Amino acid sequence: DLVFGSLPVELYLINLLHFFEGSGKPFLEGDMNLFQDLDNYSNEESIIYNNNFKIGFADKAWERNDYKKFIEHIDSLVKFELPESYKMKYKMALKKLNNNL
């Protein structure tokens, strides 16, 4: 017997049918707004993921007192409002770099 996850194939197909009769119907109808919404959602999630990744690098740079790298990582964030603590760290990093010049 074919099994999808823990569901038997018959139950899987029934669930799939219910999906396409309900909230999945726009997929079958080719609703371009839905596809655009999904694309926008995917792009926004990608930005959030990448920003979180970059913040992790910024944190590591801060711990190493590598203020130049910290600033580079923060500057590379896309469409992101920095928490107040990072704004303060950013100002401190700029000040430390300017003092070392």
Side-chain angles (χ1 to χ4, degrees):
D1 279 333
L2 188 58
V3 176
F4 291 88
S6 60
L7 295 177
V9 71
E10 294 84 9
L11 188 53
Y12 176 81
L13 291 175
I14 290 169
N15 288 341
L16 191 60
L17 177 65
H18 287 297
F19 171 74
F20 283 122
E21 287 176 339
S23 60
K25 190 172 185 177
F27 282 109
L28 294 177
E29 294 171 345
D31 182 349
M32 295 313 291
N33 290 328
L34 178 65
F35 290 107
Q36 185 61 48
D37 290 345
L38 288 172
D39 189 45
N40 291 342
Y41 175 78
S42 175
N43 289 336
E44 289 297 318
E45 288 299 309
S46 177
I47 288 170
I48 291 168
Y49 175 83
N50 287 328
N51 282 345
N52 287 335
F53 201 68
K54 291 173 184 179
I55 286 175
F57 282 128
D59 287 336
K60 289 178 183 170
W62 182 264
E63 291 169 4
R64 293 188 315 271
N65 298 324
D66 187 348
Y67 303 114
K68 183 179 179 192
K69 282 289 185 193
F70 176 83
I71 290 170
E72 288 174 8
H73 290 304
I74 295 299
D75 284 344
S76 72
L77 298 174
V78 178
K79 292 196 275 185
F80 185 76
E81 180 63 32
L82 282 175
E84 202 59 40
S85 62
Y86 284 92
K87 289 179 185 178
M88 290 173 51
K89 285 181 177 180
Y90 189 87
K91 288 178 186 176
M92 290 169 53
L94 285 174
K95 190 173 182 179
K96 288 185 182 273
L97 283 179
N98 289 332
N99 288 341
N100 289 336
L101 293 179

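Computed from a predicted structure; not experimentally measured.
- Considering every non-hydrogen atom in both Ile71 and Leu97, the closest pair reads CD1-CD1, 3.4 Å.
- By the 4.5 Å heavy-atom criterion applied to side chains, Glu21 and His18 are counted as neighbours.
- How far CG of Asn50 is from CG of Leu77: 10.0 Å, rounded to the nearest 0.5 Å.
- In this model, no donor atom of one side chain and acceptor atom of the other lie less than 3.5 Å apart for Tyr67 and Asn98.
- How far OG of Ser42 is from CG of Asp37: 12.5 Å, rounded to the nearest 0.5 Å.
- Taking all atoms of both residues into account, the shortest heavy-atom contact from Ile47 to Val78 is CG2-O, 3.5 Å.
- In this model, no donor atom of one side chain and acceptor atom of the other lie less than 3.5 Å apart for Tyr41 and Asp39.
- Using a cut-off of 4.0 Å between Lys/Arg side-chain N and Asp/Glu carboxylate O, Lys69 and Glu72 are scored as salt-bridged.
- Counting non-hydrogen atoms of other residues, nucleotides and ligands closer than 6.0 Å to CZ of Phe53 gives a total of 12 or fewer.
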Problem set entry | Residues Asn40, Gln36; criterion side chain to side chain donor-acceptor pair (under 3.5 Å); working and verdict | CA-CA 6 Å; Asn40 291 342; Gln36 185 61 48; 2.9 Å; yes

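- Looking only at side-chain heavy atoms (C-beta outward), Phe57 and Phe70 stay at 4.5 Å or farther from each other.
- The CD atom of Glu81 sits 4.0 Å away from the NZ atom of Lys87 when rounded to the nearest 0.5 Å.
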Problem set entry | Stepwise side chain to side chain contact (heavy atoms under 4.5 Å, CB included) test for Phe27 and Leu38 | CA-CA 11 Å; Phe27 282 109; Leu38 288 172; 3.5 Å; yes

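- Annotation: side chain of His73 is not in contact with side chain of Trp62 (no heavy-atom distance under 4.5 Å).
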